[in-house]
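Written below as structure tokens is the structure these notes are about.
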Amino acid sequence: MSPVTILAFGAVIACTILFIAYSVYADVNATGATPTTWLPFMLLFVALLIALGFEFVNGFHDTANAVATVIYTHALPAHVAVVWSGVFNFLGVLVSTGAVAFGIVSLLPVELILQVGSASGFAMVFALLIAATLWNLGTWWLGLPASSSHTLIGSIIGVGVANAMMHGASGTSGVDWEQAIKIGKSLLISPLVGFGAAALLFLAARAVIKNPALYKEPEGNKPPPLWIRGLLILTCTGVSFAHGSNDGQKGMGLIMLILIGTMPTAYALNRAMPADAILSFVQTSDAASAALLRATGTAPVAVVDPRAALTDYVKTKTVTPETLPALEAVIGGLKTEVQQYDSLAQVPAAAVGNTRNQMYLASEAIRHLSKNSATGVDADGMKALGAYKSSLDSATKFIPTWVKIAVAIALGLGTMVGWKRIVVTVGEKIGKTHLTYAQGASAELVAMSTIAAADMYGLPVSTTHVLSSGVAGTMAANGSGLQWATVRSLLLAWLLTLPAAMLLSGGLFFIFSMIF
């Protein structure tokens with residue numbers, strides 16, 4: 001970087017920090033609560049720094065894949081390509097839905113999420129973020145296109161297993177394995193889709209488009225023909241945008257846990273919800289309670305501690321005679337509490353944390369009940385519970401605009417630095433021949449489509465795995481041959497990422513639990 005570029009980077013980072021500080025101040029000030037100590041702010045600053053650092057590393061680790069094809073086909077100069085990619089990563093984060101963010105968070109043990117502001121909660125957040133960042137940096141240094149998604153999920157599972165073992169439970173009881181398997185399938189299948197679909201697309205292009213220039217190596221530094229260049233730039237743009245909309249959400253979900261733990265008054269509930277949302281919440285509460293009462297009959301089981309019974313159900317996924325009555329009691333208690341106020345912004349500071357936890361617990365219980373056909377709740381009842389869950393999620397699963405902007409800046413800036421190590425691996429070391437225009441466009445089109453589809457369904461996928469497997473697929477389809485030393489290294493990184501991240505985060509969680 002030139003001195004001017006370094007100065008510009010520093011200015012953007014400084015402005016971002018000031019913007020975050022002002023946003024937090026404005027949100028806390030809007031609650032009317034007066035902070036009594038600076039400790040939460042200090043913890044928040046350190047945690048946000050680590051979370052945004054993870055997204056920065058994610059940028060220069062993963063998004064190198066988006067620019068590899070345009071750089072190696074000379075469609076764009078390297079410095080232009082990385083800035084272009086960074087801008088569209090930024091935009092992708094801004095328009096993301098948040099579905100992936102909370103899909104990742106739901107992997108965490110429910111007891112840690114409900115106690116996110118406790119010492120265990122902070123140990124959890126710091127352990128999984130530091131573990132994921134360390135592994136990302138290590139694989140980047142070796143030039144291995146390992147997956148940031150894979151790393152983060154491994155870190156989350158490691159924390160869950162360590163938490164369960166430390167509290168005398170089996171190592172698997174602290175993880176939502178149903179959700180983990182669902183996400184694991186998307187991470188496993190997406191590279192296979194990338195390989196097969198890119199190979200088929202390349203073969204189809206070769207059969208239909210007879211322009212020989214498409215299938216030749218670039219001549220020196222000469223850019224490709226205009227229409228091919230436009231296609232390559234378009235696919236680079238699409239992959240960058242899709243990567244931002246998918247990968248950026250992972251940091252958002254963790255940042256929301258940090259905010260809820262340190263500043264629950266401002267961030268535990270969605271204070272921006274309109275006033276009429278309370279009326280809608282009361283109506284869906286009544287419908288959900290009626291559905292549960294129909295299912296339990298005229299003499300429901302009395303539950304001494306509904307919250308404890310519901311927490312036990314979310315942990316074990318085993319429906320007991322107490323499960324439905326406990327859920328109905330929690331729904332009734334939430335309705336009584338919330339309907340006192342004109343909006344969620346009026347919920348007293350002392351009650352915010354408990355209200356949020358009750359809402360989260362009820363939402364998770366309904367999510368699991370909806371997958372169990374033996375609950376006794378009829379179809380109309382499940383529809384009513386689904387509508388009630390949507391009301392709960394609107395109140396608890398939200399992302400402030402400033403969080404999106406901060407993550408977008410971190411991911412976008414990360415894209416613009418440190419890209420070369422991974423780009424060289426993708427561009428030179430997967431196949432035995434130089435990447436052609438058709439190979440680059442096929443791999444990028446498949447990566448863009450796969451990531452965008454996963455984003456729609458709230459599934460995290462790896463840009464790294466999809467793109468690198470797509471390049472390998474086009475090389476195989478072209479008969480170019482693969483460099484098996486690189487392929488073995490990629491497979492080894494894929495196999496080691498999950499257990500390595502689990503061990504790192506689990507060990508760090510144990511250490512931090514002793515310190516905090």
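Only a predicted model underlies this, so the values are computations on that prediction, with no experimental measurement involved.
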task = Rounded to the nearest 0.5 Å, what's the gap from CZ on Phe126 to CG on Leu43? Could you check?
result = 6.0 Å
task = Kindly determine whether Ile50 and Ile258 satisfy side chain to side chain contact (heavy atoms under 4.5 Å, CB included), including the steps that lead there.
result = CA-CA 11 Å; Ile50 296 172; Ile258 293 165; over 6 Å; no
query = Yes or no on side chain to side chain contact (heavy atoms under 4.5 Å, CB included) for Tyr437 and Asn211, after CA distance, side-chain angles and deciding distance?
reply = CA-CA 11 Å; Tyr437 305 133; Asn211 189 333; over 6 Å; no
inquiry  = I want to check a possible cation-pi pair here: Arg206 against Phe202, using under 6.0 Å from ring centre and within 45° of the ring axis as the test.
reply    = no
query = How far does CG of Leu392 sit from CD of Glu364, to the nearest 0.5 angstrom?
reply = 10.5 Å
remark   = So CG of Leu259 and CE of Met252: to nearest 0.5 Å the spacing works out to 12.5 Å
ask   = Rounded to the nearest 0.5 Å, how far apart are CE of Met502 and CZ of Phe509?
value = 14.0 Å
message = Quick check on Tyr22: does its OH atom have over 12 non-hydrogen neighbours (other residues, nucleotides or ligands) under 6.0 Å away?
response = no
message = Evaluate Ser85 against Ser240 for side-chain hydrogen bond (donor to acceptor under 3.5 Å, both in side chains), listing each step before the verdict.
response = CA-CA 5 Å; Ser85 180; Ser240 300; 2.7 Å; yes
query = When rounded to the nearest 0.5 angstrom, what is the spacing between CG in Leu503 and CH2 in Trp135?
reply = 10.0 Å
key: Arg229 side chain vs Ala75 backbone, donor-acceptor pair below 3.5 Å   = yes
query = Say you draw a straight line from CD of Glu55 to CD of Gln249; how long is it, rounded to the nearest 0.5 Å?
reply = 10.0 Å
